[in-house]
Amino acid sequence: MRKLIITVAPTGSLTTRAQLPWLPITPREIADSALEAYKAGAAIVHIHVRDPETGKGVQDRELYKETIEYIRAESDMIICTTTGGGATLGVDAMGRIVSLDLGPEMASLNCGSMNFGKAIFPNPPELIETFAKKMKEFGVKPELEVYEIGHIANVQQILNLLDQPLRFNFVMGVNGGIPATIENLLRMRDTVYKLYGTETQWQVTAIGRYETPLCVHAVLLGGDIRVGFEDNIYYSKGVKAKSNAQLVERMVRIANEIGREIATAEEARDLLHL
Ligand code: ZN
């Protein structure tokens with residue numbers, strides 16, 4: 001089985017300091033948390049930025065620039081910025097792609113619309129295509145975010161804009177998306193393999209208490225994993241995680257026990273054809 005690529009998602013745009021007082025907010029804090037996770041074994045950082053005053057998720061080019069610079073100054077971590085974050089908070093389409101010309105190697109590309117908690121997450125076909133074109137223009141590899149099986153099929157509409165290997169992220173357990181069960185994970189994987197071939201790469205992102213069990217299954221199945229405060233703030237029932245690195249460390253430990261080696265950032269670059 002090939003080496004395991006671990007992504008850390010240090011902050012997202014919805015988790016709050018009220019839920020987790022040590023949530024990273026400023027570019028320096030987000031970078032430090034990412035770097036700590038890098039030392040623990042994360043090869044990719046999935047970045048959102050926050051208004052340093054209010055802590056709210058924003059799409060601010062300068063904040064992305066600063067965060068990316070801090071991370072690049074001290075690591076060779078793969079940068080994957082969000083183009084979805086803020087959409088449920090009312091950020092417009094062009095605001096969602098402000099980070100693409102800053103040289104991230106990857107960015108999230110959300111492949112369908114849905115309810116998202118109490119909000120609507122709008123990703124109509126025209127917008128998906130526009131974002132995919134922009135990513136191609138800037139040489140950014142899309143991470144195809146799919147929150148349900150229908151989203152996997154939507155990717156057929158933009159296949160001509162994508163380079164191989166395709167890279168999917170199965171986001172499971174969002175209120176409004178596919179429930180985070182093992183059966184659903186297998187169905188997601190099988191659908192991807194059937195439509196796009198077995199060379200297609202995939203990662204699991206599971207929300208809250210589903211993070212660890214679904215990531216463990218992904219490790220066993222040959223997929224990749226994402227952990228971090230964007231998706232989960234608990235280490236165990238009722239016990240909040242101390243850091244993003246702590247969540248990475250646990251998965252590294254489990255993967256090592258199962259015999260799945262961890263990819264460095266450089267090895268992940270090769271695997272992803274970046
Ligand atoms: Zn995100």
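Atoms considered below: every heavy atom in the structure, side chains included; atoms not considered: hydrogens, waters and symmetry mates. In this text, all values refer to a predicted model and were calculated from it rather than measured experimentally.
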Got more than 12 heavy atoms from elsewhere within 6.0 Å of CZ, R269? yes

Atom of A255, atom of I262 and distance for their closest heavy-atom approach: CB-CD1, 3.8 Å

Non-hydrogen atoms of H273 and P165 that approach each other most closely: CG-CD, 3.5 Å

Check for a donor-acceptor pair, side chain of S113 on one end and backbone N or O of N123 on the other, with a separation under 3.5 Å. yes

Steps toward side-chain contact (heavy atoms from CB on, under 4.5 Å) verdict (D224, L4): CA-CA 6 Å; D224 295 316; L4 174 69; 3.9 Å; yes

Could you go step by step and tell me if R96 and D92 meet the salt bridge (Lys or Arg N to Asp or Glu O under 4.0 Å) rule? CA-CA 7 Å; R96 288 168 59 176; D92 66 12; over 6 Å; no

Partner of K134 under side-chain contact (heavy atoms from CB on, under 4.5 Å), picked from L161, L100, L109, is L100

Distance, nearest 0.5 Å, that separates NE2 of H46 from CG of N169: 8.0 Å

Give a yes or no on whether the backbone of I25 and the side-chain of R50 come within a donor-acceptor separation of less than 3.5 Å. no

Could you check whether Y38 and E74, counting side-chain N and O atoms only, form a donor-acceptor pair closer than 3.5 Å? no

Run E211 and N232 through side chain to side chain donor-acceptor pair (under 3.5 Å) and show every step you take. CA-CA 7 Å; E211 182 172 88; N232 169 40; 3.1 Å; yes

Looking at I120, I want to see if its CD1 is surrounded by more than 12 non-hydrogen atoms of other residues, nucleotides or ligands under 6.0 Å. no

Is a donor on one side and an acceptor on the other found under 3.5 Å between the side chain of Q19 and the backbone of T16? yes

Are more than 12 heavy atoms, taken from residues, nucleotides or ligands other than N175, located less than 6.0 Å from that residue's CG atom? no

Min side-chain heavy-atom separation T11-E230 under 4.5 Å: no

Heavy atoms of other groups near Y210 OH, more than 12 under 6.0 Å: no

How many angstroms lie between atom CG of N184 and atom CZ of R189, to the nearest 0.5 angstrom? 13.0 Å

Any side-chain heavy atom of S75 sitting closer than 4.5 Å to one from V45? no

Quick one: do M251 and L247 satisfy side-chain contact (heavy atoms from CB on, under 4.5 Å)? Show the steps, please. CA-CA 7 Å; M251 289 314 305; L247 296 168; over 6 Å; no

Do the side chain of W22 and the main chain of A241 share a donor and acceptor less than 3.5 angstrom apart? yes

In sequence, state the C-alpha distance, the side-chain angles, and the governing distance for L272 and I44, and then conclude on side-chain contact (heavy atoms from CB on, under 4.5 Å). CA-CA 11 Å; L272 292 159; I44 304 176; 3.9 Å; yes

Cation-aromatic face contact R250/Y235, 6.0 Å, 45 degrees: yes

For L144 and L162, what are the C-alpha separation, side-chain angles and deciding distance, and is it a side-chain contact (heavy atoms from CB on, under 4.5 Å)? CA-CA 10 Å; L144 306 163; L162 304 174; 4.1 Å; yes

Report yes if the side chains of F170 and L214 come closer than 4.5 Å at any heavy-atom pair, otherwise no. no

Does CD in Q156 sit with more than 12 non-hydrogen atoms of other residues, nucleotides or ligands closer than 6.0 Å? yes

Is a donor from one side chain sitting under 3.5 angstrom from an acceptor on the other, for D231 and T205? no

Pairs meeting criterion ring pair (Phe, Tyr, Trp, His ring centres under 6.0 Å) with involvement of residues 81-125, two or more places apart: F116-F121, F121-Y147

Do V8 and M77 come close enough that some side-chain heavy atom pair is under 4.5 Å? yes

Would you check if the side chain of S236 reaches a backbone N or O of V239 as a donor-acceptor pair within less than 3.5 Å? no

Side-chain (R226) to main-chain (T7) donor-acceptor, under 3.5 angstrom: no

Side chain to side chain, T81 and I68, heavy atoms closer than 4.5 Å: yes

Do M135 and K141 have side chains that approach each other closer than 4.5 Å (heavy atoms only, starting at C-beta)? no

Verify, without hydrogens or angle tests, whether S33 (side chain) and P10 (backbone) share a donor-acceptor contact under 3.5 angstrom. no

Here the pair of heavy atoms bringing L185 nearest to M172 is N-CE, 3.5 Å

Might you confirm whether atom CZ of R2 has over 12 heavy atoms from other residues, nucleotides or ligands at distances under 6.0 Å? yes

Between the OG1 atom in T191 and the CD1 atom in I149, the distance rounded to the nearest 0.5 Å is 4.5 Å

Counting C-beta onward and ignoring hydrogens, is there a side-chain heavy-atom pair between L221 and W202 closer than 4.5 Å? yes

So, the side chain of Q201 versus the backbone of L271: is there a donor-acceptor pair under 3.5 Å, distance only? yes

Nearest 0.5 angstrom please: I233 CD1 to N244 CG, how far? 11.5 Å

Please confirm whether the backbone N or O of F229 pairs with a side-chain atom of T15, one donor and one acceptor, at under 3.5 Å? yes

Do the non-hydrogen side-chain atoms of R253 and V248 ever get within less than 4.5 Å of each other? no

Measure the spacing between CG of D190 and CD1 of I152 and express it to the nearest 0.5 Å. 9.5 Å

Testing the basics here: between K136 and D163, what is the closest heavy-atom pair and its distance to 0.1 Å? NZ-OD1, 3.3 Å

So how far is it from M94 CE to Q59 CD, rounded to the nearest 0.5 Å? 12.5 Å

Closer than 3.5 angstrom, by distance alone: can the side chain of E129 be matched with the main-chain N or O of P125 as a donor-acceptor pair? no

Tell me the closest heavy-atom pair linking I128 and G112, and the distance in Å. CD1-N, 3.9 Å

Least distance between heavy atoms, C80 atom then S108 atom: SG-N, 4.0 Å

Look at K65 together with E69 and state whether they make a salt bridge at an N to O cut-off of under 4.0 Å. yes

If the test is side-chain contact (heavy atoms from CB on, under 4.5 Å), which one of V98, N110, V140 qualifies with T83? N110

Can you list the residues that meet the side-chain contact (heavy atoms from CB on, under 4.5 Å) rule with D270, with sequence neighbours excluded? none

By salt bridge (charged side-chain N to carboxylate O under 4.0 Å, His left out), E66 pairs with (sequence neighbours left out) none

